[in-house]
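I have placed the structure first, in the form of structure tokens, so that the comments after it can refer back to it.
Counting from 1, the numbers follow the sequence of the chain as shown. Everything quoted here is computed from the prediction, not taken from an experiment. These values consider heavy atoms only, across backbone and side chains, with no hydrogens, waters or symmetry-generated copies.
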Amino acid sequence: MVYWVKVNYERNEYLVDLESLGAFSYNADKKITFWLPNSSIPVIISRQSDPDSYQRIWDYIAEINLHLSMGNWLKISYDRNEYLIDLDRISTFCQSPNGKLTFWLPESSIPIIITPQSNAEEYKKIMDFIHQKTGQSFQS
């Protein structure tokens with residue numbers, strides 16, 4: 001299935017391949033944020049601003065949520081938002097001496113910082129992913 005969607009944002013029209021995106025953020029206000037590939041430009045849409053595109057993107061997010069156990073997508077609550085992140089598109093992970101794990105969203109400069117205490121399940125999934133993908137491990 002093709003996942004191209006036309007999005008109206010800030011008086012411009014974008015044609016975006018949703019499969020090329022590596023992260024989505026959404027919150028209680030029902031705004032969806034994603035970052036355009038190769039540009040780090042955030043696009044924020046709501047049901048009111050672009051109802052058709054919003055629904056197509058929301059349906060795509062729902063499909064990812066249905067198949068979270070397959071592939072390397074991670075759902076995490078962070079900073080009052082929900083994030084869906086394709087771990088395969090993360091190129092750098094950093095662990096500080098106190099165990100904090102930091103990575104940056106694809107196509108964005110936004111860091112996600114988690115600890116085993118704050119997000120135990122997601123922390124373990126990321127650590128397992130790192131070991132499986134790179135053959136390397138951080139000290140726990």
Side-chain angles (χ1 to χ4, degrees):
M1 184 171 198
V2 177
Y3 289 104
W4 283 89
V5 63
K6 185 188 296 185
V7 176
N8 295 305
Y9 180 66
E10 293 188 346
R11 296 185 283 164
N12 293 310
E13 284 188 335
Y14 295 88
L15 285 173
V16 180
D17 177 5
L18 296 180
E19 289 185 331
S20 72
L21 303 178
F24 297 89
S25 172
Y26 48 97
N27 59 28
D29 294 338
K30 299 295 185 195
K31 292 180 181 173
I32 299 172
T33 302
F34 59 89
W35 294 264
L36 296 176
N38 304 314
S39 72
S40 74
I41 295 173
V43 173
I44 304 166
I45 65 168
S46 67
R47 190 179 308 276
Q48 294 78 20
S49 66
D50 189 350
D52 294 334
S53 298
Y54 178 90
Q55 190 59 52
R56 290 194 62 202
I57 295 168
W58 191 255
D59 291 346
Y60 183 76
I61 289 171
E63 187 174 317
I64 293 170
N65 273 314
L66 283 176
H67 303 288
L68 277 176
S69 61
M70 299 167 54
N72 289 310
W73 282 89
L74 174 72
K75 182 177 181 178
I76 186 170
S77 294
Y78 182 76
D79 198 28
R80 295 186 297 269
N81 289 306
E82 295 291 321
Y83 287 87
L84 277 174
I85 304 162
D86 184 353
L87 293 176
D88 281 325
R89 298 181 196 216
I90 304 296
S91 59
T92 305
F93 296 91
C94 174
Q95 186 182 46
S96 61
N98 62 4
K100 287 182 184 176
L101 185 62
T102 303
F103 60 92
W104 291 262
L105 293 180
E107 309 296 343
S108 167
S109 60
I110 296 175
I112 302 291
I113 304 167
I114 64 171
T115 66
Q117 298 80 19
S118 66
N119 299 83
E121 188 176 326
E122 293 85 359
Y123 188 91
K124 181 178 179 351
K125 184 174 181 177
I126 294 169
M127 293 298 259
D128 291 347
F129 170 82
I130 291 168
H131 181 71
Q132 183 180 50
K133 184 83 170 185
T134 68
Q136 304 291 319
S137 295
F138 287 120
Q139 295 179 359
S140 301

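- Other residues, nucleotides and ligands contribute over 12 non-hydrogen atoms within 6.0 Å of the CZ atom of Arg89.
- If you take CD1 on Ile41 and CZ on Phe34, they are separated by 11.0 Å, rounding to the nearest 0.5 Å.
- Summarising the geometry of Leu101 relative to Phe138, their closest heavy-atom pair is CD1-CE1, 3.9 Å, with the distance given to 0.1 Å.
- Nearest heavy atoms, Ile32 versus Phe24: CG2-CD2, 4.4 Å.
- The distance from the CH2 atom of Trp73 to the CD atom of Glu63 is 11.0 Å, given to the nearest 0.5 Å.
- Although no hydrogens or angles enter the test, the distance criterion places a donor-acceptor pair under 3.5 Å between the side chain of Thr134 and the main chain of Ile130.
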task: Would you check, one step at a time, whether the test side-chain contact (heavy atoms from CB on, under 4.5 Å) holds for Gln117 with Tyr123?
output: CA-CA 9 Å; Gln117 298 80 19; Tyr123 188 91; over 6 Å; no
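- Remark: Ile114 CD1 to Ile126 CD1 distance equals 3.5 Å, nearest 0.5 Å.
- Residues Pro116 and Gly99 come closest through the heavy atom pair CD-O, 4.0 Å.
- When all heavy atoms of Trp104 and Ile90 are compared, the closest pair comes out as O-CD1, 3.3 Å.
- Rounded to the nearest 0.5 Å, atoms CG (Asn81) and OG1 (Thr33) are 7.0 Å apart.
- In this structure, Trp35 and Ile110 approach most closely via the heavy-atom pair CZ2-CD1, 3.4 Å.
- With hydrogens and angles left out, the side-chain atoms of Ser40 and Glu107 include no donor and acceptor closer than 3.5 Å.
- A salt bridge links Asp128 with Lys124: at least one charged nitrogen is closer than 4.0 Å to a carboxylate oxygen.
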message: Please evaluate residues Lys133 and Asp88 with respect to the criterion side-chain contact (heavy atoms from CB on, under 4.5 Å), reporting the C-alpha separation (whole Å), side-chain torsions for both, the decisive distance (0.1 Å), and the verdict.
response: CA-CA 9 Å; Lys133 184 83 170 185; Asp88 281 325; 3.2 Å; yes
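- For Ser108 (side chain) and Leu105 (main-chain N/O), no donor-acceptor pair under 3.5 Å exists by modelled atom type.
- The heavy-atom pair separating Ser77 from Asn119 by the smallest distance is O-ND2, 3.5 Å.
- Remark: the backbone N or O of Tyr3 is not paired with any side-chain donor or acceptor of Arg56 at under 3.5 angstrom.
- Side-chain contact check for Glu122 and Tyr83: no donor-acceptor pair (N or O, by modelled atom type) lies under 3.5 Å.
- The distance from atom CD1 of Ile57 to atom CG of Asp52, rounded to the nearest 0.5 Å, is 11.0 Å.
- Here CZ of Phe103 is found 4.0 Å from CD1 of Ile85. Values are rounded to the nearest 0.5 Å.
- Partners of Ser53 by side-chain hydrogen bond (donor to acceptor under 3.5 Å, both in side chains), not counting sequence neighbours, listed by chain and number: Asp50.
- Both Val7 and Ile61 belong to a single network of hydrophobic side chains, linked directly or stepwise wherever heavy atoms of I, L, V, M, F, W or Y lie under 4.5 Å apart.
- At least one donor-acceptor pair under 3.5 Å links the side chain of Tyr54 to the backbone N or O of Lys30.
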